[in-house]
Amino acid sequence: MKNSIKNILIPLNFSSSSESAVATGIAMCKRHKAALHLLHVTEGNSLVLPPGKNPRTLELFLLAQTDLLKDLERRAAQIQEEHEISCLFHLATGSLYQAIATKTADFHCDLILVEKKRRPALFTFQRSQSVYRLLRMIGRPVLTVPAGSRNFNFKNVLFSLAPFSSESFSAGIALPIIRKNNSNVTLYASVSPAKKPSEIELANQLADLAQTLISREKAAEIEKEIEAGPNTVKKVMSQAEDKKTDLIVVPTRIVHGLRSWFRNSGTRKILEESPYPVLAVL
C-alpha cells in the first residue's frame with residue numbers, strides 16, 4: 001500500500017504543450033513535497049544514419065536535440081525557481097513507452113501524469129490504446145489530465161468499483177492523494193438486477209473494503225452508492241457530474257491478449273473519454 005508520493009513523471013510527448021499536466025504536477029509536488037520529472041522522448045533510433053542520407057542530416061538532428069535539451073533545462077529551472085520544488089529534466093531516444101518505463105524505474109517514480117487532448121471524432125487505434133499500453137508497460141499508476149483542466153485540488157473523488165472481482169479493488173496511490181486533499185469520497189457501483197446475488201453481494205463487500213481503507217486516510221466524507229442497472233461509462237460520468245467530481249479513480253487489473261479487450265473495456269473508455277482527470281491504480 002503506497003503511503004506517499006515522492007516522484008512524479010510527466011512525459012511531454014502526449015500533448016503539444018502539456019501545460020495542464022505540468023500545472024497539475026506542480027500543484028501535486030507542492031502538496032506532497034515530491035520531485036517533478038519532465039521527460040521528452042525522440043522516437044526512433046535517430047543516431048543511426050539512414051541509407052541515402054548525408055552527414056548533414058545527423059548534424060541537424062544533433063543541433064535540434066541540443067536546442068530541445070536547453071529548452072527543457074530552462075523550463076525545469078523556471079518551475080523550480082517559481083514554485084520552490086525540485087524539478088528535473090530528461091531527454092531520451094528510442095521507443096516512447098520503453099523510455100518512459102526506463103525513466104520511471106531509474107528515478108523510482110510513483111505516478112505518471114499524461115495530458116490528453118479531447119477525443120477526436122475519428123480516433124485511431126493507436127490513440128485509443130496509448131494510456132492503457134502505458135499502464136501495461138510500466139506497471140505504475142497513471143493520471144490522465146484533460147487538456148485545459150484546472151482541477152489542481154482533488155476535493156471530490158469518485159471511485160468506480162466495477163468490474164467486480166476479489167482482486168479488482170486497489171486504492172494504492174489514491175490514498176495519499178485523498179489524505180493530502182482531505183477529499184470527499186464517493187464509492188460508486190452499478191449492478192444489473194439480472195446478475196447473480198453473489199455478484200451483488202461482492203459489490204457491497206468491495207465497497208465496504210474500500211470504505212474501511214479510505215476511512216483511515218481521514219477523508220472529509222465517505223459515501224457509498226450501489227444502484228441497480230448496467231454499469232456503463234455514461235452512468236459513471238453522470239455520477240461524476242452530480243458529485244462535482246475533481247478526480248475519478250479506476251482500479252485496473254492488467255491482463256494480456258484478447259481478454260484485455262473485454263475485461264478492461266470500461267476502464268479504457270473512462271480513461272479515454274472522461275472530461276475529468278482519471279487515476280488508474282493497479
Side-chain angles (χ1 to χ4, degrees), residues 1-15 18 20-43 68-69 72-73 75-116 130-145 152 154 157 167 169-181 183 213-214 216-217 247 249-254 256 267 271 277-282:
M1 191 73 63
K2 193 72 184 177
N3 293 317
S4 62
I5 298 174
K6 296 298 184 185
N7 291 279
I8 296 174
L9 177 72
I10 302 179
L12 301 176
N13 295 65
F14 283 81
S15 179
S18 296
S20 293
V22 171
T24 301
I26 291 170
M28 292 187 71
C29 285
K30 285 182 174 180
R31 199 172 299 118
H32 294 269
K33 294 181 172 55
L36 184 65
H37 298 258
L38 304 179
L39 170 65
H40 188 279
V41 182
T42 301
E43 295 189 74
L68 184 56
L69 188 61
L72 272 175
E73 184 178 14
R75 192 174 190 185
Q78 182 182 14
I79 289 172
Q80 185 159 298
E81 182 178 351
E82 289 183 6
H83 300 281
E84 298 182 340
I85 62 171
S86 175
C87 186
L88 298 92
F89 60 95
H90 314 285
L91 196 60
T93 59
S95 164
L96 173 63
Y97 298 97
Q98 188 57 55
I100 295 172
T102 299
K103 295 299 182 184
T104 297
D106 288 348
F107 295 98
H108 307 285
C109 295
D110 307 297
L111 179 65
I112 315 301
L113 261 66
V114 175
E115 180 166 325
K116 63 172 187 176
S130 60
V131 177
Y132 189 71
R133 182 181 176 188
L134 189 57
L135 276 167
R136 290 176 64 178
M137 286 200 66
I138 66 174
R140 299 285 173 88
V142 173
L143 172 60
T144 62
V145 180
F152 303 142
F154 303 128
V157 175
E167 301 177 19
F169 182 78
S170 172
I173 206 78
L175 294 180
I177 291 175
I178 290 167
R179 184 192 318 130
K180 290 293 185 180
N181 287 276
S183 308
L213 287 172
I214 294 169
R216 297 171 186 166
E217 302 303 319
L247 175 68
V249 180
V250 286
T252 306
R253 184 185 176 197
I254 298 300
H256 299 276
T267 297
L271 282 166
V278 178
L279 173 64
V281 294
L282 300 163

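Judged by distance alone, the side chain of Ser20 and the main-chain N or O of Val145 form no donor-acceptor pair under 3.5 Å. Formation of a donor-acceptor pair under 3.5 Å by the Asn7 side chain with backbone atoms of Asp110 is not found in this model.
The structure places NE2 of His32 at 8.5 Å from CZ of Arg179, a figure rounded to the nearest 0.5 Å. Separating the CD1 atom in Ile173 from the CG atom in Leu279 is a distance of 8.0 Å, to the nearest 0.5 Å. Note that the CD1 atom of Ile79 and the CD atom of Glu81 stand 12.0 Å from one another [nearest 0.5 Å]. Rounding to the nearest 0.5 Å gives a distance of 10.5 Å between CD of Glu115 and OG1 of Thr144. How far CZ of Arg31 is from NZ of Lys33: 11.0 Å, rounded to the nearest 0.5 Å. We find the OG1-CG distance between Thr42 and Leu96 to be 10.5 Å, quoted to the nearest 0.5 Å.
Closest approach of Asn181 and Phe154 over heavy atoms only: OD1-N, 3.1 Å. Between Lys103 and Cys109, the closest heavy-atom pair is O-SG, 4.3 Å. When all heavy atoms of Val41 and Gly94 are compared, the pair lying nearest together is CG1-O, 3.9 Å. Residues Ala99 and Ala92 come closest through the heavy atom pair CB-CB, 4.1 Å. In plain terms, the two heavy atoms of Leu143 and Pro277 that are nearest each other are CD1-CB, 4.1 Å. Nearest approach of Leu12 to Leu72, heavy atoms of both residues: CD1-CD2, 3.6 Å.
Considering only heavy atoms from C-beta on, Thr24 stays 4.5 Å or farther from Ile10 through its side chain. Proximity of His83 to Leu36: side-chain heavy atoms (C-beta onward) are nowhere separated by under 4.5 Å. Counting heavy atoms from C-beta on, the side chains of Lys6 and His108 never come closer than 4.5 Å. Using a 4.5 Å heavy-atom cutoff, the side chains of Met28 and Leu111 are in contact.
Scanning for side chain to side chain contact (heavy atoms under 4.5 Å, CB included) contacts around Ala23 gives Phe152, with sequence neighbours left out. For Ala280, the side chain to side chain contact (heavy atoms under 4.5 Å, CB included) test picks out Leu135, Val250, Thr252, Leu271, with sequence neighbours left out.
Relative ring orientation between His37 and His90 is described as parallel, the plane-to-plane angle staying below 30° on a 0-90° scale split at 30° and 60°.
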